[in-house]
2 protein chains.
Amino acid sequence: MIVQEQDERSGGPDGEGGVRRPRVQKNVTRAIASDICADVFPIGGFLPTENELCLRYGVSRTVIRESLKILESKGLVRGRSRVGTVVCPKEEWNILDQQVLEWIGPRIFELDLLTCVLDARRAIEPFAAEFAAERATVQDVAEIERAWERMRDAAGDLEAFTQADVAFHAALLKASHNQIFMQLASIIQAALEFSLHASNEAAAACDEAVEIHKRLVEALRLRDKTAARECSLQMLDLAARDLAIAVKNHPAPSGA
Amino acid sequence: MIVQEQDERSGGPDGEGGVRRPRVQKNVTRAIASDICADVFPIGGFLPTENELCLRYGVSRTVIRESLKILESKGLVRGRSRVGTVVCPKEEWNILDQQVLEWIGPRIFELDLLTCVLDARRAIEPFAAEFAAERATVQDVAEIERAWERMRDAAGDLEAFTQADVAFHAALLKASHNQIFMQLASIIQAALEFSLHASNEAAAACDEAVEIHKRLVEALRLRDKTAARECSLQMLDLAARDLAIAVKNHPAPSGA
DNA sequence: GATATTTCATTCATCATACAAAGGCAATTG
DNA sequence: CAATTGCCTTTGTATGATGAATGAAATATC
């Protein structure tokens with residue numbers, strides 16, 4: 001998988017026109033990461049040598065090395081000096097990292113992450129809702145409500161509805177004013193997107209979801225911690241149902 | 001701050017003319033990160049140019065660039081092409097990343113992270129304890145109990161006690177078999193270490209802590225979810241007390 | 001004189017090359 | 001056959017050159 005456009009002015013090496021040098025760092029990093037996730041480079045195995053990677057992706061060793069450094073800093077690989085670079089087991093990956101989640105993409109399903117995230121949401125979101133009821137500013141509530149309006153107006157459009165739902169929950173975590181909760185927004189977002197996409201039959205439940213989300217907004221306005229927590233729990237029950245549908249729709253990971 | 005040993009052969013082995021090239025990547029990365037945390041490079045400001053950083057840390061641009069790439073991948077800085085590298089606001093730092101927490105070190109206090117972590121623990125640990133009561137293997141419980149024994153035997157030695165306590169909670173999260181909870185072990189660990197260190201007056205409370213931790217182990221053995229949750233909550237009350245003492249001992253961050 | 005355009009210097013992004021250091025393997029030697 | 005030693009491979013670091021893009025200074029235009 002060559003990441004450059006590859007036209008390199010075959011007429012002659014930088015004779016008069018100069019060599020094209022597009023910005024490829026991000027692409028290369030993503031390409032290697034995707035290949036790792038796609039099992040092109042199997043877990044526990046060695047990556048090709050840096051020089052081989054140069055050829056494979058069509059870039060210089062500088063770019064390859066900086067990409068590997070990024071991947072290493074996120075736990076995907078571990079460079080052993082003069083031996084090679086090995087792919088780390090998935091447990092060591094920083095799955096809370098936004099970029100890592102993007103690289104994993106839909107394969108988040110195969111990592112059994114969705115149930116983990118749902119369990120974690122049950123622990124976190126009711127708390128976050130309580131904190132938000134206590135500490136949310138008017139701006140925070142306004143942002144949450146804007147997301148809710150987008151949910152309401154997205155009737156039928158699952159893509160728009162998903163984006164709005166994601167924005168709603170991210171804004172709620174932000175309104176909790178707890179840095180830890182905020183940082184978890186990325187993984188909740190990833191799980192939510194995939195879960196909703198994979199269960200588009202659940203579109204019928206959107207009305208119900210809109211209603212509950214609305215009640216949460218009102219609870220925040222009234223600074224009613226108990227009601228906020230209660231709404232959050234009900235949302236999670238809906239999310240659990242969506243997830244169950246998504247699991248049913250999806251090819252069983254054990255069968256792979 | 002030069003990170004090399006700086007003696008450059010002046011009389012040492014490899015006589016004729018070889019240049020010593022120690023492995024400095026990690027040191028340089030940590031040095032830059034520490035300087036950022038120490039406000040040597042203020043938030044929102046520009047880092048020196050790459051060439052200036054080479055001089056300052058005594059390494060080549062290769063090393064500097066790979067270090068910056070790592071820092072960028074963790075949200076500490078953002079490289080803007082041909083303009084410079086700016087230090088990101090703290091909200092964008094990946095504070096859930098183990099390395100970032102190590103770089104922050106005791107300054108975790110100034111980030112108001114400790115209360116956030118305690119709130120997050122209140123949300124997470126009781127849940128994790130329930131899950132552990134359901135799903136912990138005998139090995140999991142054995143590991144937790146080993147940590148408990150180390151706590152019991154560490155009477156008086158606050159350092160050993162802290163390490164054991166950290167190990168206990170990490171093992172508990174691991175026993176929950178939830179990948180999200182497990183990934184949060186690093187930040188809980190960082191907060192716990194600092195909190196206990198800063199409140200060494202609380203040594204008197206160790207006996208009480210040992211007792212509660214023991215009860216949690218027994219609850220896990222009996223697979224008693226309710227008791228496990230209850231123990232976890234009591235531990236957090238103790239942690240809250242320790243934190244309050246630590247805050248009192250510490251110079252007020254607002255005064256800085 | 002004020003504004004829009006151009007040029008230029010600065011700085012990052014990439015490439016290419018060279019060498020040092022150290023792990024792994026194999027040949028050598030006892 | 002076993003232990004040592006030396007070589008080869010591969011990563012780690014250094015260096016210089018060049019492309020590319022941004023911000024600001026200089027210029028041109030109205």
Side-chain angles (χ1 to χ4, degrees), chain A residues 2-9 12-32 41 45-73 77-87, chain B residues 2-9 12-32 41 45-73 77-87:
Chain A
I2 308 294
V3 292
Q4 312 201 55
E5 287 79 344
Q6 198 72 1
D7 57 6
E8 292 293 326
R9 164 159 352 245
D14 62 31
E16 78 296 307
V19 184
R20 295 198 31 175
R21 269 190 244 188
R23 297 298 123 98
V24 291
Q25 172 80 66
K26 267 191 144 87
N27 299 328
V28 172
T29 310
R30 182 172 47 236
I32 300 177
F41 305 132
F46 278 81
L47 253 57
T49 70
E50 292 179 350
N51 283 322
E52 285 171 328
L53 289 173
C54 293
L55 297 177
R56 179 192 278 256
Y57 297 100
V59 293
S60 75
R61 229 184 115 205
T62 307
V63 175
I64 291 292
R65 280 187 58 80
E66 292 181 354
S67 292
L68 291 180
K69 276 280 183 290
I70 293 175
L71 296 180
E72 183 169 13
S73 82
V77 303
R78 179 191 311 274
R80 287 177 50 196
S81 204
R82 274 121 234 143
V83 175
T85 306
V86 298
V87 181
Chain B
I2 309 291
V3 292
Q4 313 200 52
E5 286 80 349
Q6 201 73 352
D7 58 4
E8 294 294 326
R9 128 226 52 225
D14 75 315
E16 64 279 9
V19 182
R20 293 198 27 166
R21 275 195 239 190
R23 299 299 125 97
V24 291
Q25 170 80 68
K26 267 191 145 85
N27 298 329
V28 172
T29 310
R30 182 171 46 236
I32 300 178
F41 305 132
F46 278 80
L47 253 56
T49 70
E50 292 179 350
N51 284 322
E52 285 171 329
L53 290 172
C54 292
L55 297 176
R56 179 192 279 256
Y57 296 101
V59 293
S60 73
R61 256 184 67 225
T62 308
V63 176
I64 292 292
R65 280 187 57 81
E66 292 182 356
S67 292
L68 290 181
K69 275 282 184 291
I70 293 175
L71 296 180
E72 183 169 12
S73 83
V77 304
R78 179 191 310 274
R80 287 177 50 196
S81 203
R82 279 118 233 146
V83 176
T85 306
V86 298
V87 181

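Computed from a predicted model, the values in this text were never measured in an experiment. Within every chain, numbering begins at 1; the chains are lettered A, B, ... in the order of the sequence lines, protein sequences first and strands thereafter.
As rounded to whole Å, 13 Å separates atom P of C:dT14 from atom CD of B:Glu66. Here the P atom of nucleotide C:dT17 and the CZ atom of A:Arg61 are 13 Å apart, to the nearest Å. Summarising the geometry, the separation between OH on B:Tyr57 and P on D:dA14 is reported as 15 Å, rounded to the nearest angstrom. Atoms CG (B:Leu55) and C1' (D:dA14) sit 14 Å apart, rounded to a whole Å. Following rounding to the nearest Å, A:Lys26 (NZ) and C:dC12 (C1') show an atom-to-atom distance of 14 Å. Atom CD1 of A:Ile64 is separated from atom P of C:dT14 by 11 Å (rounded to the nearest Å). At whole-Å resolution of the value, NZ in B:Lys69 and P in C:dT14 are 6 Å apart. In this structure, CG of A:Leu53 is placed 17 Å from C1' of C:dT14, rounded to the nearest angstrom.
The nucleotide whose nearest atom lies closest to any side-chain atom of A:Val24 is, among C:dA13, D:dG12, C:dT14, C:dT14. Picking from D:dG12, C:dC12, C:dT14 the nucleotide with the shortest atom distance to the side chain of A:Gln25 gives C:dT14. Checking C:dT11, C:dA18, C:dT14 against the side-chain heavy atoms of A:Val63 singles out C:dT14 as nearest.
Evaluation of the side-chain contact (heavy atoms from CB on, under 4.5 Å) rule for A:Ser81 yields B:Arg23 as partners, not counting sequence neighbours. Residues that satisfy the side-chain hydrogen bond (donor to acceptor under 3.5 Å, both in side chains) test with B:Ser73, not counting sequence neighbours, are A:Ser73. Residues meeting the salt bridge (charged side-chain N to carboxylate O under 4.0 Å, His left out) test with B:Arg78, sequence neighbours left out: B:Glu92. Evaluation of the side-chain contact (heavy atoms from CB on, under 4.5 Å) rule for A:Arg30 yields A:Asn27, A:Ser34, A:Trp103 as partners, not counting sequence neighbours. For B:Glu66, the salt bridge (charged side-chain N to carboxylate O under 4.0 Å, His left out) partners are A:Arg65, A:Lys69, not counting sequence neighbours.
With contacts defined as side-chain heavy-atom distances shorter than 4.5 Å, the pair A:Leu68/A:Leu47 qualifies.
One donor-acceptor pair, N or O on each side, does fall under 3.5 Å between the base of D:dA14 and the side chain of B:Thr62.
Heavy atoms only, all atoms of each residue included: A:Ala31 and A:Tyr57 are closest at CB-CE2, 3.8 Å.
Between B:Arg65 and C:dA13 there is a side-chain N or O to OP1 or OP2 distance below 4.0 Å. Residue A:Ser60 places at least one side-chain N or O closer than 4.0 Å to OP1 or OP2 of C:dC15.
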Could you list all N or O pairs between the protein and nucleotides 23-25 of chain D that sit under 3.5 Å apart?
from, atom 1, to, atom 2, distance (Å)
D:dG23, OP1, B:Arg80, NH2, 2.8

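Heavy-atom distances to DNA chain C give each of A:Ser81 and B:Glu50 a nearest nucleotide, and the one nearer the 5′ end belongs to B:Glu50.
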